[in-house]
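Read the structure below first, then the notes.
What's counted below: heavy atoms across the whole structure, side chains too, no hydrogens, waters or symmetry copies.
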Amino acid sequence: MGSTSAQNPGKNGSAGVGRRDLIKRSAALGLISVPTMSFLSACASSGGGGNGDKAKEGKKTEKNPLGVNDTAQMEFVLFDGGFGKEYAEDAVKIYEKNFPEVTVKFAATQKIQSTLQPRFNQGTPPDLIDNSGAEQMDMGVLVGKDQLADLTPLLDAPSFDDPSKKVRDTLRPGIVEMGQFDGDPVWIMYYAYTVYGVWYSQKALDSLDEQYPETWDQMLAVCEKAKKKGMAGWTYAGKYPYYLPFSLYPMIGKVGGVEVLDAIDNLEPNAWKHPAVKACFEAYYELYKKGYVLKGTPGLDHIQSQTAWAQGKALFIPNGSWVENESANVIPKDFDLAVSAPTGIDSSDKMPFGTIWASGGEPFIVPAKAKNTAGGMEQLRIMLSEASSKNFTSKVKSLTAYNGGTDGITLTPGLKSGVAALDKAGQNVVNPRLQDWYVQLQKEKIGVSGLGEMMAGRLTPAEAIKKIQAFADEAAKDSSIKHYKHQ
């Protein structure tokens, strides 16, 4: 999991989010944003400084618009998660073909933060990083400490396929804005496109003679029916309970309106005490109280919970669209994977059923102190070509930031369902920013200490809300972290 952005008006009046501009998304999927246990609290040195041994600029040509030094090594570190590494290795081969005197130093790891934080501190980071996974580095900290290169040169460069189009003109709506924080600079390129929601087997739902529930009373009725057949209603990544917001946050937006999510993102006083938050917390707590959560779920990690779900032990799981690829080896062929926007409370909800969370994911960054920043950006330019995008989609069952690249590809059940969910949502797409702006707050505090404790039965909804509001207030008053707001 991973996303980042924030917002102050830039040239176009919106920097980080532009939620209302983000809509009109046509298709979905991607991102492996998994939990964050530690953060780049130390990225100590500020300033996007210069290294004495930075690569000299190469000659800019039509085929080399970023002026990559054609003899300088480029280093690329990828998060080795649900999307695997083959798509990136394929793109690296194109880079090496275009710059035959260069061998790319490529590595894939799940230990992004612990592997790379020391290198940031020493001023020797790689040239391109897929900053995702359980050890995702805190984007807000990286931006606040001036550790990232502005990707505007990449966005303004001719696209890989059509020199008459800039890279920025080939991207899905909202991708550029998501990578902004304050003003015009773009610090992150979200490569994947993710639909978050409630994932399930259509076959299992059909076996209960049920449709996906639109109100919470209907949800409880479906879960009761499943329980009587020996199947839990829900499971989730109990060790990483910040997966719960993938369905809980858009539910809060559906019940109370996007302004409730904006207030939460803005760390406003009492934002978590809104009646919509209370109603949604109480609804989820009811799943625990009625025994509809798979026994042992609090002790399961994301892979274990997904495996139990794929094995038919639970009907629903909150997740992102990477789940189709990440669980491909355990999902039965006749599973008929589907995703839905979250169930609401009832007809009094502010937004219609179908309101969903969808956004860019899999954040790629080029460190400011990298030796070969042009090389890192050129690798991204290659990855944002139609061929690389199509390769990614066909191999990992997810779409990219490139607005296209699906011609001739047979859509998998999850991908097809995600596209249908976006079509149903229409303008009702929300994009909460907490997981991007305040990683530690979202994951360790709200997720583990708040929602995780509530869903394990160790906190009541009222106690969880009080605790989470205190965490948010603490973050709002913390002058050591950079704060962002919706405009």
Side-chain angles (χ1 to χ4, degrees), residues 1-2 28-35 78-87 108-110 132-134 192 194-208 210 212 222-223 226-227 229-244 246-247 287 292-340 361-362 392-399 409-421 455:
M1 186 187 88
L29 301 175
L31 162 87
I32 178 113
S33 181
V34 198
L78 184 85
F79 170 68
D80 191 3
F83 293 149
K85 58 185 180 180
E86 193 176 344
Y87 77 93
T109 179
Q110 294 192 357
S132 197
T194 303
V195 167
Y196 302 94
V198 181
W199 294 78
Y200 61 97
S201 160
Q202 185 62 53
K203 179 186 176 184
L205 201 55
D206 289 344
S207 74
L208 297 173
E210 288 287 350
Y212 185 86
V222 171
C223 289
K227 186 178 180 182
K229 290 206 172 186
M231 176 188 283
W234 284 64
T235 189
Y236 58 90
K239 287 185 177 178
Y240 308 128
Y242 32 87
Y243 276 53
L244 287 163
F246 297 157
S247 57
L287 296 173
Y292 296 152
V293 177
L294 179 66
K295 191 174 181 182
T297 287
L300 303 179
D301 63 19
H302 58 299
I303 299 298
Q304 291 167 326
S305 61
Q306 289 164 194
T307 300
W309 161 75
Q311 291 170 345
K313 294 177 182 176
L315 187 57
F316 300 119
I317 190 168
N319 222 307
S321 45
W322 62 84
V323 72
E324 183 169 25
N325 193 60
E326 193 168 57
S327 300
N329 62 332
V330 291
I331 293 178
K333 287 184 179 177
D334 61 349
F335 194 74
D336 201 3
L337 179 64
V339 62
S340 175
E362 212 64 20
F392 178 87
T393 299
S394 59
K395 284 184 174 172
V396 308
K397 308 174 182 69
S398 171
L399 296 181
I409 296 176
T410 301
L411 296 182
T412 54
L415 189 52
K416 194 182 297 181
S417 180
V419 171
M455 292 304 290

Do the side chain of [X] and the main chain of [Y] share a donor and acceptor less than 3.5 angstrom apart?
{"X": "Thr297", "Y": "Val293", "result": "no"}
{"X": "Gln110", "Y": "Asp80", "result": "yes"}
{"X": "Thr235", "Y": "Ala314", "result": "no"}
{"X": "Lys229", "Y": "Ser207", "result": "yes"}
{"X": "Thr307", "Y": "Ile303", "result": "yes"}
{"X": "Gln306", "Y": "Ser327", "result": "no"}
{"X": "Ser201", "Y": "Phe335", "result": "yes"}
{"X": "Trp199", "Y": "Val339", "result": "no"}

Looking at side-chain heavy atoms only, is the closest gap between [X] and [Y] below 4.5 Å?
{"X": "Tyr243", "Y": "Asn319", "answer": "yes"}
{"X": "Tyr200", "Y": "Ser417", "answer": "no"}
{"X": "Met231", "Y": "Lys313", "answer": "no"}
{"X": "Ile409", "Y": "Ser394", "answer": "yes"}
{"X": "Leu205", "Y": "Tyr212", "answer": "yes"}

Notebook entry, point to check: In a check of side chain to side chain contact (heavy atoms under 4.5 Å, CB included) between Phe83 and each of Glu362, Lys395, Lys397, which one passes?
Noted result: Glu362
Notebook entry, point to check: Of Val195, Thr393, Leu337, Asn325, which is the lone residue that meets side chain to side chain contact (heavy atoms under 4.5 Å, CB included) with Leu415?
Noted result: Thr393
Margin query: Could you report the tightest heavy-atom contact between Ala310 and Pro332, atom names first, then the distance?
Written below: O-CD, 3.5 Å
Check: Going by the angle between their ring planes, with limits at 30° and 60°, are Phe392 and Tyr87 parallel, tilted or perpendicular?
Finding: perpendicular
Note to self: Parallel, tilted or perpendicular: which one describes the rings of Tyr196 and Trp322, with boundaries at 30° and 60°?
What the structure shows: perpendicular
Next item on the list: May I have the step-by-step check of side-chain contact (heavy atoms from CB on, under 4.5 Å) for Trp309 and Val323, ending in yes or no?
Entry: CA-CA 11 Å; Trp309 161 75; Val323 72; 4.0 Å; yes
Margin query: To the nearest 0.5 Å, what is the distance between CG on Asp336 and CG on Asp206?
Written below: 7.5 Å
Check: Taking 4.0 angstrom as the limit, do Asp334 and Lys203 come out as a salt bridge?
Finding: yes
Next item on the list: Begin from the C-alpha positions of Glu326 and His302 and carry the test side-chain contact (heavy atoms from CB on, under 4.5 Å) through to its verdict.
Entry: CA-CA 10 Å; Glu326 193 168 57; His302 58 299; 3.8 Å; yes
Next item on the list: Could you please spell out the steps behind the side-chain hydrogen bond (donor to acceptor under 3.5 Å, both in side chains) verdict for Ser321 and Ser398?
Entry: CA-CA 7 Å; Ser321 45; Ser398 171; 5.1 Å; no
Checklist line | Sub-6.0 Å ring centroid separation between Tyr236 and Phe316 | finding: no
Next item on the list: List the steps, then state whether side-chain contact (heavy atoms from CB on, under 4.5 Å) holds for Asp301 with Tyr240.
Entry: CA-CA 6 Å; Asp301 63 19; Tyr240 308 128; 3.8 Å; yes
